[in-house]
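Chain A is the first sequence line, chain B the second, and so forth, proteins listed ahead of strands; every chain is numbered from 1.
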Amino acid sequence: MKRSGIGKARLLQGNEACVRGALYAGVEFFAGYPITPSTEVAEAMARELPRNGGKFIQMEDEIASIAAVIGASNAGCKAMTATSGPGYSLMQENIGYAYMTETPCVIINVQRGGPSTGLPTKIAQSDTMQARWGTHGDYTAIAVAPSTVKECFEETVRAFNLSERFRTPVTVLSDEVLGHMREMMVIPEKGELEVTERHKPDVPHEWYKHFEISPSFVSPMASFGEGYRYNVTGLTHDEDGFPTANPIEIKNKMEKLRFKIERFADEIHKIRMDMMDDAHFTVVSYGSVSRAARQAVTMARERRIKVGAIQLRTIWPFPDMKLREMFAGVRKVIVAELNMGQLVNEIKRVAPRHTEVFSLARYDGEVMTPHQILEKIREVIK
Amino acid sequence: MMEKIAHGSDVTHHYLRPKKKFPNVWCAGCGNGIVMGALIRSIDRLDLDKDNVAVVSGIGCSSRMPVYLDFNTLHTTHGRALAFATGVKIAKPNLTVIVITGDGDALAIGGNHFIHTCRRNINITTILIDNRIYGMTGGQFAPTTPGGSFATTAPYGNYEKQFDVVKLAIGAGASYVARGTVYHVQQLEKLIEAGIKKKGFSVVDVVSNCHTYYGRFNKEGDAVEMLSWMKKHAMPIEAVRKIPPEKMKGKFVTGLIHEHDATEFTHEYQMMVDRLAQKEAEK
């Protein structure tokens, strides 16, 4: 990697940090379509990939972008795209194709306000649920979320690792403020962060099953041009990748899509806790809201309120058990988010009976402020 | 004679997947099988390594073809085959990438990808099997259905106009545009072969028959009758150039209709990469 500024502190934009993270993880292919507020990702990729041995293409729309990404991944590349709400909606059918065909790929979604064209230049966390349920059918999604520029880098690396490890698309849920803000960060040295490579088959060609149902759940993946000559289809298929109508094969496939991820959920979950040791109250959030939550909690502590902050760095699969444990001593939970209340329903679902859940929803295109959260804390502890 | 037939069958079987794939999903008499045979024979003549051929398709009757073929095969979503294929080709330019698509797949839902892939002139060969109707969903009109024709969604006759695939591809920048039919199989083989050889985006529009829907709704008869219609109405481009346009009424042109040399996408990209590397080295 050239000109990466490894080891030196540098001022980076969140969107640029995603690109740096992708290069660190070994991205080889990017296809995208311009959309505010994610465009800087495509621009930086257009600059960096040709001089780092990678491939860049600007496609005719978002549907084509994710299609090209999936094609390139099947040809052996670590591949990604970047978009925002409307583009993410357009991509959904092909993201479903990636789930079904177990094709690794990364989608950076720099969230903005919706529905429809909504608020292109304003912040929102409107795709929290779209990242889980965006495409039709049953599947288990993975979505990770940074709250700082440094975390934009780290979560993009992690998204690639999870994607290659589990042969599945992974969404990075960034947002407009995070994407455009600048912070100092030191690019990690090579080897400092783990980088996962795709698990390749080691069997003779005629023994290879592209969608093998194995004890380890995730099957090794050969690429086009390596002599395995497998079939890939979005139709429900057998282990060899051929369309099936056999109820047992259909059931096995569906369960594989779920359990290959859910069985290993502990490896995927990542939660940051601040001042939670003795907390009776807690603020749960993700993304740039977590920055305000941390400050609000510090301010509340100065007022001797026993409140802590929980930041979800993995949104999907949802960390049910972990949160349930964390809520053991917690009486009241505030879920702060930039939408009309998407995450809050998940928290209500997992909260133990003794824990009351309150929603702090902001959906006017503005950032969540620490004061707003502090005010809510003071309101609910009364 | 018998020997030759046996040999032909060996060639075909060498490129087909033996287990579980047959019988195929197509109606008896469908043109898709004829195109598949022609594609196999042209690949065989070009002596391509099976490991280095990728066949990509969308959704529809014709798009089921890759499942039967013993190559690297990608059966994608409706209309998006060319976008997927573009990703495959850019990622691994040494692969021969062939797209199998239908008229609905390529020109309606996939129309945008079709014109942009023509524009990029990326080295992909597209075989567009044009049966003038949506077969898999049961006979709805397509962007290629002639005005006045009947379809389940045009029960009183089609009041829309049809695309001219050849003009569309030429206008959008494809460097090789040909048309064949499932009746003129030897010509079709040659057109596909030359299309694969061409460095750039190639479109082979194949006039095919859907007797099950189009033929039945429009009283064009069974598969044999529809094939003889092709025989009677196809005009080789060489002949067309010699006759006055009014004699073309009711006929359609076949053969290599357009070819030009233009820089190819993956080649251009590599040139840029090399230029950047050279600049870097000079620093």
Side-chain angles (χ1 to χ4, degrees), chain A residues 2-3 28-31 47 49-79 81 93-94 96-98 100-101 103 105 205 222-235 237-238 240-244, chain B residues 17 19-21 25 49-57 59 63-64 66-95 97 109-110 112-113 115-117 119-120 122 265-266 269-270 272-277 279-280:
Chain A
K2 292 166 207 157
R3 292 179 190 153
E28 295 160 294
F29 184 94
F30 181 95
R47 280 194 304 272
L49 279 175
R51 54 188 194 202
N52 284 292
K55 310 284 171 72
F56 169 89
I57 185 168
Q58 181 173 313
M59 293 299 283
E60 53 273 20
D61 59 29
E62 286 89 348
I63 300 172
S65 299
I66 186 73
V69 161
I70 296 165
S73 185
N74 274 289
C77 287
K78 281 190 177 180
T81 186
E93 186 195 5
N94 283 341
Y97 182 85
M100 185 56 120
T101 60
T103 306
C105 56
H205 295 168
S223 305
F224 281 4
E226 291 179 345
Y228 291 91
R229 298 202 304 272
Y230 53 89
N231 184 56
V232 180
T233 176
L235 286 164
H237 44 259
D238 62 15
D240 289 309
F242 295 105
T244 182
Chain B
R17 287 177 166 141
K19 280 183 229 154
K20 295 202 287 189
K21 315 308 170 301
V25 297
D49 183 347
K50 286 203 270 189
D51 291 343
N52 292 328
V53 176
V55 185
V56 184
S57 69
I59 295 292
S63 288
R64 279 301 278 264
V67 174
Y68 310 114
L69 294 169
D70 190 17
F71 302 111
N72 305 280
T73 53
L74 194 63
H75 176 232
T76 71
T77 48
H78 194 25
R80 321 299 172 196
L82 284 166
F84 280 89
T86 299
V88 172
K89 184 68 188 177
I90 296 172
K92 275 202 179 145
N94 64 320
L95 293 176
V97 180
I109 189 166
N112 196 26
H113 311 307
I115 56 174
H116 285 278
T117 319
R119 176 179 63 81
R120 285 190 195 102
I122 186 165
F265 182 94
T266 58
Y269 190 89
Q270 193 52 47
M272 174 183 69
V273 168
D274 293 346
R275 271 200 312 275
L276 287 168
K279 259 192 186 170
E280 202 78 21

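- The residue among A:I70, A:D240, A:N94, A:D238 with the most heavy atom pairs within less than 4.5 Å of chain B is A:N94.
- Residue contact with chain A, scored on non-hydrogen atoms closer than 4.5 Å, involves the backbone and the side chain of B:K50 alike.
- Of all heavy-atom pairs between A:C77 and B:A91, the closest is SG-CB, 3.6 Å.
- Using a 4.5 Å cut-off between heavy atoms, B:L276 contacts chain A through its side chain alone, with no backbone atom that close.
- Proximity of a side-chain donor or acceptor of B:Y269 to a complementary backbone N or O of A:F56 within less than 3.5 Å is detected.
- Under the side-chain contact (heavy atoms from CB on, under 4.5 Å) test applied with A:F224, the options B:V53, B:N52, B:V88 reduce to a single match, B:V88.
- No side-chain heavy atom of B:D51 sits less than 4.5 Å from a side-chain heavy atom of A:E226.
- To the nearest 0.5 Å, the span separating CG on A:D61 from NE2 on B:H116 amounts to 8.0 Å.
- Side-chain contact between B:T73 and A:R229 is absent, with no heavy-atom pair separated by less than 4.5 Å.
- Atom OG1 of residue B:T77 and atom CD1 of residue A:I66 lie 10.5 Å apart, to the nearest 0.5 angstrom.
- Proximity of A:F242 to B:R17: side-chain heavy atoms (C-beta onward) are separated by under 4.5 Å at one or more points.
- B:D70 touches chain A through backbone and side chain together, each having a heavy atom under 4.5 Å away.
- Distance CG/B:L74 to OG1/A:T103: 7.5 Å, rounded to 0.5 Å.
- With B:K92 contributing its side chain and A:G225 its backbone, the two residues share no donor-acceptor pair below 3.5 Å.
- Ranked by non-hydrogen atom pairs under 4.5 Å with chain A, the options B:T117, B:L95, B:N112 are led by B:N112.
- Within the 4.5 Å cutoff, the side chain of B:F84 has no heavy atoms near those of the A:N74 side chain.
- Closest heavy-atom contact between B:R120 and A:E60: NH2-OE1, 2.6 Å.
- Using a 4.5 Å cut-off between heavy atoms, A:F29 touches chain B through its side chain atoms alone.
- Most heavy-atom pairs under 4.5 Å with chain B, from the set A:P50, A:A64, A:G76: that is A:P50.
- Checked options A:T233, A:T101, A:N231; the residue passing with B:H75 is A:T233 (criterion: side chain to side chain donor-acceptor pair (under 3.5 Å)).
- Counting heavy atoms from C-beta on, the side chains of B:P93 and A:K55 come closer than 4.5 Å.
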